Colleague: 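Quick one: this structure, given as structure tokens, is what I'll be asking you about.
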Amino acid sequence: MRKLLEVLKLVMGREAGGDKTEFSANDFLPLEAEPGRVFAVDGGNATIYDGGAWILSKIRTSVVGYEDKKRIFENRIAFELHCLVEHGSVKFDKEVEFPYIDFSSSRFEEIPSGVRAIVERLTALNLLKEMKRGDVLLLDAMLCAEVSGEEKILKRLFDAAIEHGVSLIGIAKTSRLHTASGRSLLGYLNEVGPDSTWKYKLGKGKVPYRDMVAKFHPNSDYCYRCHVVGDCLGVAAYHSRDPELIGYPYPLLRVDKLARISNHEKEAERRGVRMLARRMGITGFEYDIRSQNFHKKLDKRMYR
């Protein structure tokens with residue numbers, strides 16, 4: 001381990017020869033907090049059972065709205081469904097249309113997460129119809145396509161935002177971007193950036209959004225990569241002053257809590273599905289789930 005850390009120490013020391021010429025203190029622009037109405041959309045996904053050739057998953061999206069730190073809107077279950085992934089196809093327990101989307105190139109086990117991402121986009125698209133000019137919509141994801149066909153939904157989202165005069169911010173909690181010397185780009189900017197709130201533009205971005213990094217509160221330990229449509233980072237900073245997680249927009253924190261599927265809820269779903277499968281006489285159900293659950297069984301036995 002010491003040898004590995006010595007190598008890492010060399011990587012951390014390379015900025016004097018390379019990164020300092022890439023990044024200038026003048027590139028860190030001040031970010032002033034501005035009041036405004038802001039809405040947030042987020043989704044949650046939990047695998048209920050994995051049968052190897054099929055996955056049964058629960059998916060939920062939720063929405064909140066704030067004005068001057070006062071909650072003005074909340075929909076705990078904006079959209080909720082179960083999906084069954086079987087041989088690469090997706091089936092739902094209700095009528096759902098995913099226009100343009102093709103999951104055939106996705107890894108089998110990643111399809112439920114892809115479904116959740118698309119449901120989030122569609123929830124945001126519906127919410128835009130109710131928002132007013134000057135409002136800001138926060139999304140817990142970048143504004144770029146991850147699934148084949150998603151770019152067409154994003155275009156509808158961008159067009160609707162421009163039509164209604166609404167700004168969009170997609171915020172990523174983590175990033176793999178790196179500098180020429182091998183440092184984490186966000187880590188390096190966080191280290192050398194000013195102690196105040198700031199924003200930093202990454203290249204030209206992709207129309208219609210700008211690719212930015214922002215620090216929303218001077219006392220925060222974190223900065224975030226953002227895709228931005230409109231001039232709205234100041235509104236996100238204004239709503240990032242809650243001490244529960246200072247420096248992160250509270251509407252996104254609140255909507256994450258609402259959308260998240262807890263372990264208690266997941267276990268309740270598992271019990272209900274198992275009982276229903278038995279009543280329906282699906283004898284192969286228990287055998288299929290044993291193809292995937294031995295690691296969990298072993299961990300439970302070893303670390304109880």
Side-chain angles (χ1 to χ4, degrees), residues 25 28-46 60-78 120 123-124 127 131-132 134-143 166-175 177 184-202 212-266:
F28 291 89
L29 302 177
L31 178 59
E32 301 295 333
E34 302 173 5
R37 288 209 328 164
V38 59
F39 292 78
V41 174
D42 197 10
N45 171 45
R60 173 187 297 152
T61 60
S62 294
V63 178
V64 297
Y66 283 81
E67 184 172 10
D68 293 331
K69 297 195 246 184
K70 181 181 179 181
R71 189 163 69 245
I72 57 174
F73 177 81
E74 181 171 290
N75 192 340
R76 181 176 178 83
I77 304 176
E120 283 184 39
T123 301
L127 178 63
M131 296 175 67
K132 299 178 180 179
D135 287 350
V136 177
L137 178 56
L138 301 175
L139 298 168
D140 182 26
M142 296 284 88
L143 302 180
V166 173
S167 297
L168 303 175
I169 309 178
I171 299 179
K173 297 188 186 76
T174 61
S175 173
L177 292 178
S184 161
L185 176 58
L186 262 65
Y188 182 70
L189 292 177
N190 203 9
E191 179 183 4
V192 302
D195 293 332
S196 58
T197 54
W198 49 262
K199 56 186 177 181
Y200 189 100
K201 187 175 182 180
L202 298 177
M212 311 279 289
V213 176
K215 186 172 184 178
F216 292 123
H217 195 281
N219 295 334
S220 174
D221 292 329
Y222 294 89
C223 60
Y224 303 94
R225 185 184 181 189
C226 308
H227 284 171
V228 184
V229 177
D231 187 16
C232 50
L233 286 175
V235 177
Y238 180 85
H239 290 276
S240 298
R241 298 181 289 180
D242 192 281
E244 184 173 355
L245 189 56
I246 200 161
Y248 185 71
Y250 183 77
L252 278 178
L253 179 62
R254 175 65 183 172
V255 80
D256 178 274
K257 292 179 181 179
L258 297 177
R260 189 176 294 269
I261 299 170
S262 67
N263 288 332
H264 175 77
E265 183 178 357
K266 180 179 175 179

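Worth saying up front: this structure is predicted, and the values here are computed from it rather than measured.
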Colleague: Got a donor-acceptor contact below 3.5 angstrom from the Asn219 side chain to the Gly247 backbone?
Modeller: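 No; zero donor-acceptor contacts below 3.5 Å.
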Colleague: Supply the atom-to-atom distance Leu31 CG to Lys215 NZ, rounded to the nearest 0.5 angstrom.
Modeller: 11.5 Å
Colleague: In Å, rounded to the nearest 0.5 Å, how long is the span from CG of Asp42 to CG of Leu139?
Modeller: 9.0 Å
Colleague: Quick one: closest heavy-atom pair of Leu258 and Val64, and the distance?
Modeller: CD1-CG1, 3.5 Å
Colleague: Above 12 or not: heavy atoms from other molecules or residues under 6.0 Å from CG of Asp68?
Modeller: yes
Colleague: Side chains of Leu185 and Tyr200, heavy atoms from C-beta outward: is any pair under 4.5 Å?
Modeller: no
Colleague: State which residues pass ring pair (Phe, Tyr, Trp, His ring centres under 6.0 Å) with Tyr66; sequence neighbours excluded, sorted by chain then number.
Modeller: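 If we apply the ring pair (Phe, Tyr, Trp, His ring centres under 6.0 Å) test to Tyr66, skipping adjacent residues, the hits are Tyr250.
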Colleague: Is NZ or CZ of Arg241 both nearer than 6.0 Å to the six-membered ring centre of Tyr238 and within 45° of the ring axis?
Modeller: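 Positive - Arg241 is close enough to the ring of Tyr238 and near enough to its axis.
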Colleague: Given side chains that start at C-beta, do those of Val38 and Pro249 come closer than 4.5 Å, heavy atoms only?
Modeller: no
Colleague: Just verifying a value: how many Å separate Cys226 SG and Leu143 CG, rounded to the nearest 0.5 Å?
Modeller: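 Reported to 0.5 Å precision, the distance equals 9.5 Å.
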Colleague: Taking atom CZ as the centre, does Arg260 end up with more than 12 heavy-atom neighbours from other residues, nucleotides or ligands that are less than 6.0 angstrom away?
Modeller: no
Colleague: Taking it one step at a time, do Lys257 and Glu244 satisfy salt bridge (Lys or Arg N to Asp or Glu O under 4.0 Å)?
Modeller: CA-CA 13 Å; Lys257 292 179 181 179; Glu244 184 173 355; 2.5 Å; yes
Colleague: What is the minimum heavy-atom distance between Ala124 and Val41, and which atoms define it?
Modeller: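 Ala124 and Val41 have their closest heavy atoms at CA-CG2, 4.2 Å.
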Colleague: Any side-chain heavy-atom pair from Leu253 and Asp242 closer than 4.5 angstrom?
Modeller: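 No, every pair of side-chain atoms sits at 4.5 Å or beyond.
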Colleague: Measuring only between side-chain heavy atoms, which start at C-beta, is Tyr188 closer than 4.5 Å to Leu177?
Modeller: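 No - every pair of side-chain heavy atoms lies 4.5 Å or more apart.
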Colleague: For Thr61, run the side-chain contact (heavy atoms from CB on, under 4.5 Å) check against Leu127, Val255, Thr123 and tell me which one passes.
Modeller: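 Among the candidates, only Thr123 passes.
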Colleague: What heavy-atom pair brings Lys266 and Ile261 nearest, and what distance separates the two atoms?
Modeller: N-CG2, 4.3 Å
Colleague: Could you give the distance from CE (Met212) to SG (Cys223), rounded to the nearest 0.5 Å?
Modeller: 12.0 Å
Colleague: Within the 4.5 Å heavy-atom criterion, are Ser240 and Tyr224 side-chain neighbours or not?
Modeller: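 SC-SC contact between Ser240 and Tyr224 ruled out.
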Colleague: State, with a plain yes or no, whether a side-chain heavy atom of Leu189 is found less than 4.5 Å away from one of Phe28.
Modeller: yes
Colleague: Measure the CD-NZ distance between Glu67 and Lys132 for me, rounded to the nearest 0.5 Å.
Modeller: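 Atom-to-atom, Glu67:CD and Lys132:NZ are 7.5 Å apart.
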Colleague: For the side chain of Glu120 and the backbone of Gly43, is there at least one donor-acceptor N/O pair under 3.5 Å apart?
Modeller: yes
Colleague: Looking at every non-hydrogen atom in both residues, tell me the closest pair between Phe216 and Ala236 and how far apart they are.
Modeller: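 Taking every non-hydrogen atom into account, CE2-CB, 3.7 Å.
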Colleague: Quick check: closest heavy atoms across Tyr248 and Ile171, and the distance to 0.1 Å?
Modeller: CE1-CG2, 4.5 Å
Colleague: Rounded to the nearest 0.5 Å, what's the gap from OG1 on Thr174 to CG on Leu186? Could you check?
Modeller: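 Taking OG1 in Thr174 and CG in Leu186, the distance rounds to 9.5 Å.
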Colleague: Would a 4.5 Å heavy-atom cut-off, applied to side chains only, mark Pro218 and Thr197 as touching?
Modeller: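 Side-chain contact under 4.5 Å: yes.
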Colleague: Please give me the minimum heavy-atom distance between Asp231 and Lys199, naming the atom from each residue.
Modeller: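 Looking at all heavy atoms of both residues, the closest pair is OD1-NZ, 4.3 Å.
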Colleague: Taking the side chain as everything from C-beta on, heavy atoms only, tell me whether Val136 gets closer than 4.5 Å to His239.
Modeller: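 No, side chains not in contact.
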